[in-house]
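What follows is a single structure, written as structure tokens, with notes after it.
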Amino acid sequence: MTRRLSHHVTGWLLVLPAMAFLALFTHWPALATFVDSFWSTPKGKRPARFVGPDNYQHMLSDPVFWKAAWNNLIFALGTVPLSIALALLMAVWVNDRLKGQTALRMAYFTPTILPMIAVANIWLFFFTPSYGLLDQIRGLFGAQPWPWLGSDQTALFCVIVVAVWKEAGFFMIFYLAALQQIPPTLAEAASLEGASRWTYFRRVQWPLLMPTTLFVFVNAAINAFRMVDHVFVLTHGGPDNATTLLLYYIYEVGFKFWDTAYAAALTVVLLVVLALIAAIQFGVIERRAHYR
Amino acid sequence: MDRRQFIGGAGAIGLGAATAGASSLALAQAASEISFFYPVAVGGPITKLIDAYAADFQKEASVAVKPIYAGSYQETIVKALTAHKAGNPPVTSVLLSTDMFTLIDEDAIVPIDDFVKTDDDKAWLKSFYPAFMQNSQTGGKTWGVPFQRSTVVLYWNKEAFKEAGLDPEKPPRTWAEQVEFAQKLTKRDASGNVTQWGIQIPSSGFPYWLFQGLTTQADAILMNAAGNEVALDAPGVVEALQYWIDLAQKHKVHPPGVTEWGTTPKDFFERKIAMMWTTTGNLTNVRTNAKFPFGVAMLPSGKKPGSPTGGGNFYIFKKAKPAEQEAAFKFIKWITTPERAAKWGADTGYVAVRPDAWETPAMKDYVAGFPQAAVARDQLKHAVAEFSTHDNQRVTKVFNDALQAAITGAKPPAVALKEAQTEAMRILKDYK
């Protein structure tokens, strides 16, 4: 009996440091944010007072919030499928034996190891009108220069492109690892049966990659709501909020306007959105993923 | 991020907080050391200048000023205000002059007047250019001391002027001339693509600042001195915005859409634009990188000449100990003597903040060798306070969004400004 007890105590002691950090830096701030969202912002000598759902009501009538939410939806719909498809394509491509495959894998992975701020600064010059890389190439075909980041029609699209470019290489690594786990006997069996390359991918590789796809999908979806570093460099959310994403808006409200209560309410909404995404993904898709 | 990474990161933060706490403890024991948040990224020539000032001051006054390089203006105020809220602010910091109302509303700073006791102190406080003091005073009190201040000026490429048949020594003096010159300076290739634009007034990030040049020239004043009323839809403001938009859409001498502030000097060096509006703070940058002779001029006049001021002031934080605040005041007074203000201006390109600094031998030599440096000074008599109100960044954002909406063509200027006015006054109603 004492032995079993001490076993339990040891176990709890072992997880205690991790639990303490998790509680201190994740659970407690989340809870505090939730509570703060029902209070007003303390300003100087005016302390916070309880305002109930006021912050949430304000959110409903805040056009910038709706714009940010809509932008974020487009950003997610743009980045998630594109980066996953690109990652899969690159992984299948560099999985085959070909000359210089290490160099190729490195090239695909490079964007991931670069800091986002540096990446964004490079892309800033790609997008520069007239002498930026993009316009120089288009100029060869006689096209007019275009203010890529300065137009509300293309700015969000540019922000999506940078995010996909940054993420695809990272997801490729997961797919590559998963592809190498697939036993070569399956490929041999498939070729004996006379299966085409496409059939082999669709009937063998793709189903076996499903757990990886789920993992990558969850990550990509979460990143779509978490990745805003490049917005700071490329557009500052402009022009006229065309590239304002939810997290960027939270930063603005919290650390530029110092309206911490409203920022807390926005954060709660973002947390709920993320929780919903995770629930749907694990509830619906996991059942269809094939684990060995 | 997996959990292990997370714990590692959290541990590092915890450790960082612990050391920060320990150093603040040491600070509280002796007023012979004061912390000083300065807005610049680590490294570079400016940090060397600031370090040298701190070392010199320590020799003279035996107070160690500890500069903490905190990143951009925005990052610095975030750090200073969060530290203030945690009860452990820096003793002094250089922050944007426009953040004055925000700092007052957060009850974060003390008036400079509290430390002004002797006649010498009083004379010192009166020695700055009045244009700079407009952004440093409200409600009869002085809250900030001008330090690294700037205005907007026009840079022009003399070679491009010559090629276009213009007198390379004569910049545009009026709005009409500005359009006329820009038309001559805009070059198109055989297929009609523009290879060189006449002029660029950047509109990313903080378009309100450059726009305030135009509104001042249109004889419109955007806000009151108490910072609780704005006039964003006055006729002069609409007229100014229409002029800006017409440069691109009607006259086609300005690149379309929102133009990037950060790459504007580069556009100028690359000869993609022949004239640009930007801060005097870019003077040293242009001097180093322009491969052609260039001129610097006051902004052209509409109904009258005009430009906003800009840049950073010294503030003293409320929660610092009285002895530390006194030491900070001494440092601020020391670093803004005529000689040091002159040296700082010559070393950085900022406008020396007091008239007598321009009478020092060092400054006279500098201006004799580089007359462009005096343009910003001469423009000061036409300068107005930079747009600043209570809840400053929120009101400014509403204004910026309206300007960008008009520039991208999403809304007509009058409509965009009318909406901005309504929203700004709604935000400001709590400060009446």
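Naming: A, B, ... by sequence-line order, numbering from 1 per chain.
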Subject >> Most contacts with chain A, counted as non-hydrogen pairs under 4.5 angstrom, among B:Asn193, B:Asp107, B:Thr82 >> reply: B:Asn193

Original post:
Is the count of non-hydrogen atoms from other residues, nucleotides or ligands lying under 6.0 Å from A:Phe157 atom CZ greater than 12?
Top reply: no

**OP:** List the steps and the verdict of side chain to side chain contact (heavy atoms under 4.5 Å, CB included) for A:Tyr131 and B:Lys266.
**Re:** CA-CA 10 Å; A:Tyr131 62 88; B:Lys266 177 97 171 138; 2.9 Å; yes

Original post:
Can you tell me how far the CH2 atom of A:Trp258 sits from the CG atom of B:Asp99, to the nearest 0.5 Å?
Top reply: 9.5 Å

Original post:
Roughly how far, to the nearest 0.5 Å, is the CG atom of A:Asp240 from the CG atom of B:Asn400?
Top reply: 10.0 Å

Subject >> Partner chain A: residue of B:Gly262, B:Gly257, B:Gly409 with the largest heavy-atom pair count (under 4.5 Å) >> reply: B:Gly257

Original post:
Taking atom NZ of A:Lys256 and atom OG1 of B:Thr102, what is their separation to the nearest 0.5 Å?
Top reply: 12.0 Å

Original post:
In terms of heavy-atom pairs under 4.5 Å with chain A, which of B:His84, B:Lys272, B:Lys85 leads?
Top reply: B:Lys272

**OP:** Report, as yes or no, whether the 6.0 Å neighbourhood of atom CZ on A:Phe225 holds more than 12 heavy atoms from other residues, nucleotides or ligands.
**Re:** yes

**OP:** Identify the heavy atoms of B:Thr408 and A:Gly150 that sit nearest to each other, and give their distance.
**Re:** CG2-O, 3.6 Å

Subject >> Greatest number of heavy atom pairs closer than 4.5 Å to chain A - which of B:Leu403, B:Val395, B:Asp267 >> reply: B:Asp267

Subject >> Heavy-atom side-chain proximity of B:Asp391 to A:Asp259 below 4.5 angstrom >> reply: no

Subject >> Heavy atoms of other groups near B:Arg426 CZ, more than 12 under 6.0 Å >> reply: yes

Original post:
Short question: side chain of A:Glu252, backbone of B:Arg394 - any donor-acceptor pair under 3.5 Å?
Top reply: no

Original post:
Given that the side chain runs from C-beta out, which part of A:Tyr251 has a heavy atom under 4.5 Å from chain B: side chain, backbone, both or neither?
Top reply: side chain

Subject >> Between CG on residue A:Leu149 and OG1 on residue B:Thr259, distance to nearest 0.5 Å >> reply: 12.0 Å

Original post:
Taking A:Pro239, A:Pro145, A:Pro129 one by one, which has the highest count of heavy-atom pairs under 4.5 Å against chain B?
Top reply: A:Pro239

Original post:
Do other residues, nucleotides or ligands put more than 12 heavy atoms under 6.0 Å from A:Phe170 CZ?
Top reply: no

Original post:
Does any heavy atom of chain A fall under 4.5 Å from the side chain of B:Glu106, the backbone, both, or neither of them?
Top reply: both

Original post:
Would a 4.5 Å heavy-atom cut-off, applied to side chains only, mark B:Lys397 and A:Asn241 as touching?
Top reply: yes

